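By convention in this document, chain letters (A, B, ...) are assigned in the order of the sequence lines, proteins followed by strands, and residues within each chain are numbered from 1. These figures come from a predicted structure and were not determined experimentally.
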Amino acid sequence: MQLTRMEGGGAEGGLIGAGELVDQHLVPGVLDGFDESRSGSENLDAASGDDQSIMRGEGRAPKRKKYHRHTPQQIQELEAFYKECPHPDEKQRLELSRRLNLETRQVKFWFQNRRTQMKTQIERHENMLLKKENDKLRFEQAAMKNALRNPLCTSCGGPVVSPELPFDEQTLKSENARLRDELTRICLLTEKFLGRPISSIASSLTQRSTTSTLDFSLGNIGFQGLNSMDHALSSGLDMSLLGSAVSLPEAPVDKSFIVQLAVTAMDELMKMAAVNTSLWSSSSDGVKEVLNFEEYLATFPPTIGPKPNNFVLDASRDTGLVCLNSLALVETFMDLNQWVSVFPSLVARASTTTVISPGLDGSWNGTLQLMQAELQVLSPLVPLRQVKFLRFCKKHEEGKWAVVDLSIDAVHEGSVALSPFSLCRRLPSGCVIQEMPDGFSKVTWIEHTQYDENVVHPLYRRLLGSGMGFGAKRWLASLQRHCEGLAALMASGEPVENPSGMTASGRKSMFKLARRMSDNFCSGVCASLMSKWERLYPGNVGEESVQLMSRKTVDSPGEPSGIVLSATASVWMPVARQRLFDFLRDKRYRSDWDILSNGGPIQEVVRISKGPDPGNCVSLLRCDTASPSQEMLILQETWTDAASSLIVYAPVDTPAIQSVLGGGDSTYVALLPSGFALYPDPDPAQTGNPAAGCLLTAGFQILVNELPTAKLTVDSVTTVEHLIHCTIEKIHQALDCAAPASRSQNPVPHE
DNA sequence: GGACTAATCCCGG
DNA sequence: CCGGGATTAGTCC
């Protein structure tokens, strides 16, 4: 809580009227000061009178028990001094006491208390970490125990069957009967969802399996699969279809039910994406489309049950041109690695749990898989979204494809089970791709989620509510930016603007390194249970307070070894996103805020463009210092699109980066990224607020100790907090906008 | 009742 | 005498 105490200083005028906007837990000193001046003044002890009475020696004798606190100014000054020097000597204390009108003993006590307080705080953090570690271990242990109890086959994910299970004829017969049933159902459904007769599929599959292009090794079919094959062969049916009915890892699951779900979701997506539909109407400002919820409910039966009461819904649709052909786009969505790489800063991580049905004809058409992913908005104030979903890809006609996602945590007895712990669910969402001439595609994106708004800080609720946070616009914008980057990379014309020139492999290496830097930065902002970051301060953080996470690295290539501290804070800025973005990436203004650059001039040594927008590029900056030996190089990646902007940078080792520029391997280049993520703060027209603000997240990662075994110290925590507050403050000043306290004018959305 | 903080008390160097 | 640990008292939530 000491994190934000300094904010109060010099801005009381702005705070008095804004009491309810200030998180009282965070700034007790500020509020207490006012309380005193309002109510506790009967005894000449108002905030200002009190010290003078001490100085005059009057109130001394009657053993003043009257409770009082130092004034905010005093505390702020003390705090500031403490940051620089937690152990002031006699002289410094005297000076402080004189300046603050405090007794020397009071100053002494204050520092004494401050130090012990800090110590207990650190202790508490350590306890927290240990407890978390303990919990994690216990959880792992439980998971392992569980895994031992229900072993799964490593190659197919199916249940392991003990070898002594009786293979009597009766069992086989009844099993066959069950499978025959299932097969018929699946055939019917397959016809329905592929829109063509089963015979052609069967024959194409047969053809494929004979030419052995289809991976159908026995290893992919579990015990049940063998059984099925047996049955299929004996009944003269093409067995391949059963391959598309691989069991989910969870118990016996009715596959046809899942297929049915996917078909229904696809149907819904297509209707939602249709051009002439009354499901959407344009908003009052005509900028975006709004879902007609009544109509929606009337049109579609709920695929995954009704909306939980405490959830709000977020439905958005956006259409745009993308410079990539439809096949390549489909590949982008269906190939896990590509998918993750197209949406950096949006998809934190993802995995494919099970392939329920592989594609047909060697294409992605008909692919149905179970996936999980973590989605993020880059701010500690917006918790990461963990989603498990079905992804189903279907080719509707030549050049027209669709990929639909649907939240599904588990399937039991023919109904969808959603985890009660999940904070978000995705209703049929995804995109429809229509191939256009010249290698372009028209993409219509539907993003429909229901989520728990309470876990999101009010500052970010408007962003999420506008569909810009996790909505269609952000997905599409990210996709477009990615494709522009691809085009730039492919372009024959040399996009490098530095005279020294650069080889294609050099560019590739630089992109790869920049990519790792940005990913690293993003992972330090949003706390994921899966990541290696440990959160220091538990619970939610508030606006302008710093979220701290730490991690230990040992012998990890590309990372400095030791303890790394990541500090992140989000604030509202009273300037448009574009202006802030341009400011932050302009090397002329860099010394205004970049403490790292030491105020020296900055030169752009290398610049590799990633698209038509000048804001999308990877560059190498040189900070000139007095002595050439201290010259420092900074790798920087910036990007911007219709929904968000990002600036990430990290100091790099000169010889290492020279090797990368020449196309060398970047794996061992150590990086500690810092940077900013910017989102617009959509101003709902009805408030009439003229301020076009934006949301800024600043993040720093610093190496606090090179020994991984070392403990985090108070000093390093204080330093990094100071760094982040200072940087934000400097940005404020440089942009000549009001100090942070003026955020009281920032209307907090739907409170 | 717990968290926070200014102030005391007490002890070892 | 100083600094640090333990403790206390007043206050707020």
Quick one: [X] [atom1] to [N] [atom2], roughly how many Å, whole number?
X	N	atom1	atom2	answer
A/W110	B/dC4	CH2	P	15 Å
A/F111	C/dC2	CZ	C1'	16 Å
A/Q112	B/dC11	CD	C1'	13 Å
A/E103	B/dA6	CD	P	14 Å
A/N113	C/dT7	CG	P	15 Å
A/R105	C/dC2	CZ	C1'	15 Å
A/Q74	B/dA7	CD	P	10 Å
A/Q117	B/dA6	CD	C1'	12 Å

Can you tell me if [X] touches the phosphate of [N], counting only side-chain N or O atoms and a distance under 4.0 Å to OP1 or OP2?
X	N	result
A/R115	C/dG4	yes
A/R93	C/dG3	yes
A/H87	C/dG4	yes

**Message:** Within the structure provided, determine whether A/R579 and A/L735 are in side-chain contact (heavy-atom separation under 4.5 Å).
**Reply:**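 They are in contact (side-chain heavy atoms under 4.5 Å apart), so the answer is yes.
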**Prompt:** Any side-chain heavy-atom pair from A/Q376 and A/C522 closer than 4.5 angstrom?
**Reply:**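 Yes, at least one pair of side-chain atoms sits under 4.5 Å.
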**Complete:** Rounding to 0.5 Å, atoms CG (A/L381) and NE2 (A/H457) come to a distance of 5.5 Å
**Asked** Does atom OH of A/Y589 have more than 12 heavy-atom neighbours, drawn from other residues, nucleotides or ligands, at distances under 6.0 Å?
**Response** no
**Request:** Tell me which nucleotide among B/dT8, C/dG5, B/dA6 gets nearest to the side chain of A/T116.
**Result:** C/dG5
**Message:** Just by distance, no angles: are the side chains of A/S523 and A/W533 close enough, under 3.5 Å, to form a donor-acceptor pair?
**Reply:** yes
**Request:** Assess the side chains of A/T449 and A/R425: does a donor N or O sit below 3.5 Å from an acceptor N or O?
**Result:**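 Not at all, the side chains of A/T449 and A/R425 share no donor-acceptor pair under 3.5 Å.
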**Asked** How bent is the helix from B/dG1-C/dC13 to B/dG13-C/dC1, comparing axes over its five end pairs at each side, to the nearest 10°?
**Response** 10°
**Message:** Run the ring pair (Phe, Tyr, Trp, His ring centres under 6.0 Å) test against A/F676 and tell me which residues pass, sequence neighbours left out.
**Reply:**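 A/F676: ring pair (Phe, Tyr, Trp, His ring centres under 6.0 Å) contacts with A/W593.
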